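Presented below is the structure to which this report refers.
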Amino acid sequence: MPTSSASTTDSAKPAGGGGVQSLERAFDLLERMADAGGEVGLSELSASSGLPLPTIHRLMRTLVACGYVRQQPNRRYALGPRLIRLGESASRLLGTWARPYLARLVEETGETANMALLDGDEIVYVAQVPSKHSMRMFTEVGRRVLPHSTGVGKALLAGFPDDEVRSLLSRTGMPAATEKTITTPDGFLAALDDVRRLGYAVDDNEQEIGVRCLAVSVPDSPTAAAISISGPAGRVTEAATDRIVPVLQQVATELSQALASSGTQ
């Protein structure tokens with residue numbers, strides 16, 4: 001007697017992990033598009049994913065119809081505007097969910113704690129818990145800055161190959177926020193080498209005179225993320241750095257573990 005599985009297409013079959021294969025493939029294509037800069041051709045997707053062109057074409061037609069992908073006049077495909085709403089909502093929720101970890105940073109370091117993401121070529125702050133000191137730093141949630149003048153920017157870009165960093169800097173430019181801002185690609189790449197060697201990044205009066213920031217990336221975050229503390233240079237001294245950095249690293253590790261566990265059921 002025939003069964004319903006006889007009419008099931010390959011793309012609709014359950015995947016090995018219990019998911020739906022077509023969904024897994026569609027999200028994989030979206031992530032590959034993002035990794036490629038947001039715009040690709042079908043042949044590029046086929047080469048990178050290993051999927052046959054007809055399968056990719058069918059999936060892309062569905063994504064276009066839903067607004068998550070759009071087809072350009074040159075026949076290439078680009079990430080669509082409906083993803084913006086999803087990304088913004090996810091960023092807000094991630095920031096809200098991370099606040100208890102930032103609050104712990106404030107309690108243990110005494111300084112303002114921040115969380116930031118790399119969004120395209122910019123840094124966007126998604127959460128902050130202010131210090132209890134009367135003199136404290138404040139960065140508006142949602143603020144966007146260029147990465148070359150920030151501790152979180154250095155922490156995030158230290159995980160990228162040098163050629164990708166150079167490409168980003170060529171797109172954004174390196175305007176000086178203060179007299180101490182690094183304004184050359186070679187100087188910035190040297191600073192990233194320090195981040196990789198030390199395990200943390202420093203913004204030493206580079207975004208705002210009188211302010212120092214210490215930052216670390218969140219390991220294995222589903223999107224590039226970093227946490228930091230910022231405070232007056234008179235408080236965030238070299239001696240304070242030795243005390244604060246281990247706390248930053250520990251909280252980043254715990255946040256990473258919580259992110260990983262939240263994705264499993």
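Please read all numbers here as calculations on a predicted model, not as lab measurements. In what follows, residues are counted from 1 in the order of the sequence shown. The analysis underlying the following values was restricted to heavy atoms, covering all of them including side chains, and did not include hydrogens, waters or symmetry mates.
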Test of understanding: clusters of I, L, V, M, F, W, Y form through side-chain heavy atoms closer than 4.5 Å, transitively. Do [X] and [Y] belong to the same one?
| X | Y | result |
| --- | --- | --- |
| L156 | L105 | no |
| Y200 | L117 | yes |
| V245 | M115 | yes |
| L214 | L102 | yes |
| V202 | V236 | yes |

Tell me the closest heavy-atom pair linking [X] and [Y], and the distance in Å.
| X | Y | value |
| --- | --- | --- |
| A258 | Y101 | CB-OH, 3.1 Å |
| A155 | A201 | N-CB, 3.7 Å |
| R32 | S48 | NH1-O, 2.9 Å |
| P219 | A252 | CD-O, 3.7 Å |
| T150 | G153 | OG1-N, 2.9 Å |
| V216 | L248 | CG2-O, 3.7 Å |

Test item: [X] and [Y] side chains (from C-beta on) under 4.5 Å apart, heavy atoms:
| X | Y | answer |
| --- | --- | --- |
| M174 | F188 | yes |
| R171 | S167 | yes |
| L192 | L189 | yes |
| L118 | I123 | yes |
| D28 | S49 | yes |
| L157 | L168 | yes |
| L45 | L51 | no |
| Y77 | L29 | no |

Step-by-step salt bridge (Lys or Arg N to Asp or Glu O under 4.0 Å) determination, K180 to E206: CA-CA 5 Å; K180 297 197 70 175; E206 296 162 52; over 6 Å; no

Report the C-alpha separation of R166 and D186 in whole Å, then their side-chain angles, then the decisive distance to 0.1 Å, and conclude whether the salt bridge (Lys or Arg N to Asp or Glu O under 4.0 Å) test is met. CA-CA 9 Å; R166 285 188 184 275; D186 287 344; 2.6 Å; yes

Whether over 12 other heavy atoms sit under 6.0 Å from D163 CG: yes

Above 12 or not: heavy atoms from other molecules or residues under 6.0 Å from CZ of R75? no

Are S149 and Q207 close enough that a side-chain donor and a side-chain acceptor fall under 3.5 Å? yes

Donor-acceptor check, side chain of [X] to backbone of [Y], threshold 3.5 angstrom: yes or no?
| X | Y | value |
| --- | --- | --- |
| R212 | G231 | no |
| T253 | Q249 | yes |
| S221 | A224 | no |
| R76 | E39 | yes |
| R196 | A158 | yes |
| T181 | T178 | yes |
| H148 | P175 | yes |
| T237 | A233 | no |
| N205 | G210 | yes |
| R143 | V124 | no |

Kindly determine whether R104 and E254 satisfy side chain to side chain contact (heavy atoms under 4.5 Å, CB included), including the steps that lead there. CA-CA 11 Å; R104 180 181 152 200; E254 292 177 6; 2.3 Å; yes

Drop me the distance from [X]'s [atom1] to [Y]'s [atom2], to the nearest 0.5 angstrom.
| X | Y | atom1 | atom2 | result |
| --- | --- | --- | --- | --- |
| L63 | M33 | CG | CE | 8.0 Å |
| Q21 | T55 | CD | OG1 | 8.5 Å |
| D119 | Y125 | CG | OH | 14.0 Å |

Test log, rule salt bridge (Lys or Arg N to Asp or Glu O under 4.0 Å), inputs D193 and R197: CA-CA 6 Å; D193 284 339; R197 176 174 54 85; over 6 Å; no

Starting from the C-alpha separation in whole Å, work towards a yes-or-no answer on salt bridge (Lys or Arg N to Asp or Glu O under 4.0 Å) for K132 and E107. CA-CA 9 Å; K132 297 177 182 178; E107 288 296 324; 2.6 Å; yes

Any salt bridge between D203 and K154, counting N to O under 4.0 Å? no

Test I227 against V218 for side chain to side chain contact (heavy atoms under 4.5 Å, CB included), laying out the working first. CA-CA 7 Å; I227 58 174; V218 178; 4.2 Å; yes

Run the numbers on I229 and C213 for side chain to side chain contact (heavy atoms under 4.5 Å, CB included), then give the verdict. CA-CA 6 Å; I229 63 92; C213 172; over 6 Å; no

